[in-house]
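Structure, as structure tokens:
Proteins come first, then strands; the chains are lettered A, B, ... in the order of their sequence lines, and each starts at number 1.
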Protein chains: 4
Amino acid sequence: MTSGQKGRDIPRTVEPRTAKAPKRDAERTKKEILAAAMTEFAEYGDTGARIDRIAERAGSNKAMIYSYFGNKEELYAVVLREAYLQIREGERKLDLAKLDPKSAIVELLRFTAYHFRDNPWFLRLLNTENQRRGQTIRQLDGLAELNSPLVEFLREILLRGEKSGVFRKGVDPVEIYLSIASLFYFPLSNTYTLSIVFDPDIGSDAWLEKRIRQAEDMILKYLIAD
Amino acid sequence: MTSGQKGRDIPRTVEPRTAKAPKRDAERTKKEILAAAMTEFAEYGDTGARIDRIAERAGSNKAMIYSYFGNKEELYAVVLREAYLQIREGERKLDLAKLDPKSAIVELLRFTAYHFRDNPWFLRLLNTENQRRGQTIRQLDGLAELNSPLVEFLREILLRGEKSGVFRKGVDPVEIYLSIASLFYFPLSNTYTLSIVFDPDIGSDAWLEKRIRQAEDMILKYLIAD
Amino acid sequence: MTSGQKGRDIPRTVEPRTAKAPKRDAERTKKEILAAAMTEFAEYGDTGARIDRIAERAGSNKAMIYSYFGNKEELYAVVLREAYLQIREGERKLDLAKLDPKSAIVELLRFTAYHFRDNPWFLRLLNTENQRRGQTIRQLDGLAELNSPLVEFLREILLRGEKSGVFRKGVDPVEIYLSIASLFYFPLSNTYTLSIVFDPDIGSDAWLEKRIRQAEDMILKYLIAD
Amino acid sequence: MTSGQKGRDIPRTVEPRTAKAPKRDAERTKKEILAAAMTEFAEYGDTGARIDRIAERAGSNKAMIYSYFGNKEELYAVVLREAYLQIREGERKLDLAKLDPKSAIVELLRFTAYHFRDNPWFLRLLNTENQRRGQTIRQLDGLAELNSPLVEFLREILLRGEKSGVFRKGVDPVEIYLSIASLFYFPLSNTYTLSIVFDPDIGSDAWLEKRIRQAEDMILKYLIAD
DNA sequence: TATGAATGAGTGTTCATTCAT
DNA sequence: TATGAATGAACACTCATTCAT
């Protein structure tokens with residue numbers, strides 16, 4: 001049962017080996033394997049991913065994978081952690097601190113929407129890990145720390161909003177982040193089924209823009225003080 | 001790489017064979033296999049599901065599966081269609097036509113929330129099919145027809161609301177259904193990762209009740225005419 | 001590093017499938033696999049034995065082996081137990097109870113000598129298990145019981161000898177069995193090295209007959225009362 | 001299927017590298033590899049031995065092994081020859097020429113017993129080579145020459161015994177050596193199985209002492225002229 | 001001389017699928 | 001219709017051996 005297909009949507013993180021570069025470069029090989037593994041796991045899920053294919057994608061061979069990562073399970077764990085690293089790094093770069101609260105929320109919402117659309121491999125990796133019932137994420141260290149900056153950042157925005165009288169009181173930052181993420185995760189993670197079942201437009205660029213405006217509307221109406 | 005675990009969350013649809021029942025009952029065997037397959041695919045996903053286990057769960061044997069369903073792929077297709085059948089049937093039974101628009105929306109929202117929580121296998125099946133990039137759902141016939149009643153029903157509610165001046169104009173029923181589903185799908189489908197990353201409470205009964213109230217608030221604020 | 005070679009010295013225990021016999025016969029297949037495994041483990045040792053070859057030798061396939069025996073380790077354990085079963089069964093059939101003590105000892109000695117020569121696979125299996133530091137035999141149940149009849153039998157012979165004044169007092173049956181086995185185990189298990197290092201004759205039929213007479217002489221001189 | 005275990009019973013033959021010693025010392029590296037290989041082959045047998053582990057044990061690397069020894073097979077051959085060298089050297093040092101025949105035999109017997117017990121790696125190497133059906137020893141040159149001094153020495157003792165009337169006539173030195181070696185090889189090489197099957201004491205210090213006395217008794221009774 | 005990286009042919013094990021009864 | 005036996009193509013993982021530096 002072959003699940004995924006081609007799909008090459010993970011951002012290249014390794015430059016092609018130049019003529020000058022040495023043929024035996026452990027660091028580089030390791031990175032190439034990791035990049036290949038991210039693609040493979042996102043495309044096929046945990047049980048569907050193939051070590052053979054990862055080796056081929058990485059232009060390396062199976063033995064190297066085992067030498068560098070131990071086994072499939074451990075490789076998957078590294079991939080999962082790397083996924084969170086990359087996402088949070090993206091959010092960090094937003095630097096919304098200088099915007100007023102309303103704009104900051106809107107900006108985060110738009111970022112999230114496009115981030116989900118542009119990095120479907122991340123959604124698929126989340127799906128995979130939840131299909132596995134969190135077997136691996138449970139064992140990763142420092143994930144809470146990795147994710148807390150986002151929450152703290154949101155908390156600060158909400159507080160500023162409260163103080164300036166724009167936002168109502170008592171809204172939890174996690175709650176708001178969940179709402180924002182929810183509104184895009186569902187349609188963007190389930191585009192294949194939803195577009196068949198409800199509307200073929202779902203997932204298109206035009207649809208997304210419209211959806212973003214509706215979500216903005218919804219979130220802000222919820223947040224604004226009466 | 002073993003993904004899923006025990007988990008027995010698909011509602012029994014086949015009664016246990018009674019003493020009276022004949023040993024050779026084609027129809028019954030088929031149903032038992034299908035029920036077993038639903039559980040298996042929901043628990044392990046497409047690549048993780050095992051024909052052996054399905055046969056065992058069904059109290060039957062592998063050859064029967066092939067005889068009745070062709071192969072794993074086709075069995076999966078039947079499982080997927082069955083999943084949609086069961087869900088829509090649940091919604092149909094709600095019979096919200098007699099409620100006023102606001103109550104109807106609230107009721108649908110609550111139903112959706114609890115339905116997702118009580119039928120995680122459905123979420124997992126959706127995940128699986130989207131991981132497969134809709135490979136199978138694309139080929140199922142009559143799915144749009146199967147799902148349209150829900151949309152028509154919602155459209156009617158929104159219209160009633162508009163007419164009575166409670167709801168604002170121009171809200172699309174699919175849009176609203178997506179919003180409602182989104183708000184619960186994300187946290188309930190990703191409970192494992194979210195509870196590790198953000199808050200261990202996510203997914204608990206108390207959390208869900210709170211979440212439902214927030215979602216009601218959000219959806220109604222969005223729908224209500226100013 | 002390929003150790004063993006051809007060598008087909010385990011006694012056939014399974015008749016060739018006749019035209020009449022059914023093609024699907026679990027019991028028979030299992031026996032054939034076991035017979036093949038005995039040969040393979042004896043020839044190549046534990047790490048050298050190949051599941052592929054066992055399957056081929058058995059005229060079956062690898063999946064059957066796993067279906068019937070679990071894995072290589074468990075298959076090896078069954079082989080080891082079987083080896084002891086066959087040996088002790090051979091000794092049991094000797095039925096030396098009717099001979100006088102001296103003749104009984106001589107007979108046992110001759111049997112042991114020829115048994116070792118005719119069943120080199122047994123010696124090799126012992127070697128293998130001791131190379132493994134008894135990893136498996138330690139876990140086999142009922143081995144002591146399996147072997148005790150031989151000891152009891154010897155004890156009875158020695159007692160009879162004592163009473164009739166032929167044998168001296170206080171000789172332990174295990175001690176005597178060890179001596180007899182030792183005298184043939186070493187040269188017959190190490191024929192390859194010994195014949196290179198000391199004398200190419202070692203292991204030949206003529207050599208064995210001479211050796212048996214020397215061993216008889218040695219054992220009896222040791223046993224006889226002065 | 002992992003056979004051996006820890007076990008560090010080969011006598012150190014290489015001194016630890018001192019600060020003064022150069023980092024690049026071909027002769028030394030070669031010796032260290034050989035020592036490591038002896039341990040490894042004795043512990044795991046031919047097929048179980050791992051080039052990786054040998055390199056690690058030697059504090060060197062795999063390429064060195066191939067550079068110095070060609071391949072695993074050839075390395076094994078060197079190990080095997082070395083084993084015989086060390087053993088015969090031990091016997092040579094005994095210098096029993098000054099003892100009377102009876103004492104000399106007893107001394108050789110005791111030496112053999114303790115030598116086998118103290119150098120189980122040698123027994124294991126013999127086992128291994130015989131499991132391989134002498135594949136390698138057959139190709140080693142000069143082994144007969146290496147081993148003949150022992151035989152000649154024994155022959156001389158027996159002759160002296162004959163002439164002084166203590167020993168009977170016509171006893172072959174190889175025959176006697178085989179007997180002595182046999183009586184200890186079997187129980188000491190098969191301690192693991194024998195202690196499970198017959199008596200847990202087998203192999204203990206007390207047991208060995210008792211066994212030595214029995215063996216002395218047996219050998220001398222056999223040798224002594226009536 | 002020395003080292004760590006790289007590779008390809010295995011090797012044990014699993015699994016979807018088919019066959020004989 | 002029903003069942004357990006049989007099979008071959010994977011698949012994760014290992015290991016002897018070679019290469020680049």
Original post:
dA6(F) P sits how many Å from Asn61(B) CG, rounded?
Top reply: 15 Å

Original post:
Within the distance-only criterion (no hydrogens, no angle test), does the side chain of Asn127(B) pair as donor or acceptor with the backbone N or O of Asn127(A) below 3.5 angstrom?
Top reply: no

Original post:
Can you check whether Tyr68(D) has a side-chain N or O nearer than 4.0 Å to OP1 or OP2 of dA2(E)?
Top reply: yes

Original post:
So, does Lys72(C) use its side chain to make a donor-acceptor pair with the main chain of Asp46(C) at under 3.5 Å?
Top reply: yes

**OP:** Figure out the NZ/P separation between Lys30(B) and dA2(F), and round it to whole Å.
**Re:** 12 Å

Original post:
Do Arg132(D) and Tyr76(D) meet the cation-pi criteria used here (NZ or CZ under 6.0 Å from the six-membered ring centre, within 45° of the axis)?
Top reply: yes

**OP:** Decide yes or no for Tyr66(A) and Leu75(A): does some side-chain heavy atom of the first lie under 4.5 Å from some side-chain heavy atom of the second?
**Re:** no

Subject >> For atom CD1 of Ile65(A) and atom P of dC15(F), their distance in whole Å >> reply: 17 Å

Original post:
Is Thr29(A) near enough to dA6(E) that one of its side-chain N or O atoms lies under 4.0 angstrom from OP1 or OP2?
Top reply: yes

**OP:** Assign a letter to each nucleotide of nucleotides 11-16 of chain E from its 5' end: B, base within under 4.0 Å of a protein heavy atom; S, sugar-phosphate only; -, no contact.
**Re:** SSBBBS

Subject >> Arg53(B) to Tyr44(B) six-membered ring, cation-pi geometry met (6.0 Å, 45°) >> reply: yes

Subject >> Value in whole Å for how far the P atom of dT21(E) lies from CZ of Arg28(C) >> reply: 14 Å

Subject >> Donor-acceptor pair, side chain of Arg57(D) and main chain of Ala35(D), under 3.5 angstrom >> reply: no

Subject >> Spacing between Glu27(B) atom CD and dT1(F) atom C1', to the nearest angstrom >> reply: 13 Å

Original post:
Which residues pass the side-chain contact (heavy atoms from CB on, under 4.5 Å) test with Tyr68(C), sequence neighbours left out?
Top reply: Ala26(C), Thr29(C), Lys30(C), Ile33(C), Met64(C)

**OP:** Can you tell me the distance, in whole Å, between the CD atom of Glu56(D) and the P atom of dA16(F)?
**Re:** 13 Å

**OP:** Report the C-alpha separation of Glu32(B) and Arg28(B) in whole Å, then their side-chain angles, then the decisive distance to 0.1 Å, and conclude whether the salt bridge (Lys or Arg N to Asp or Glu O under 4.0 Å) test is met.
**Re:** CA-CA 6 Å; Glu32(B) 285 171 334; Arg28(B) 170 183 209 79; 3.4 Å; yes

Original post:
So what stems show up for DNA chain E if we need 3 or more Watson-Crick or G-U pairs in a row, all under 3.5 Å?
Top reply: E:2-21 with F:2-21

**OP:** Spell out, as yes or no, whether a donor-acceptor pair under 3.5 Å connects the side chain of Glu129(C) to the backbone of Ile137(C).
**Re:** yes

Original post:
Can you check the Met64(A) CE to dT18(F) P distance for me, whole Å?
Top reply: 16 Å

Subject >> Value in whole Å for how far the C1' atom of dT1(E) lies from CD of Glu32(D) >> reply: 14 Å

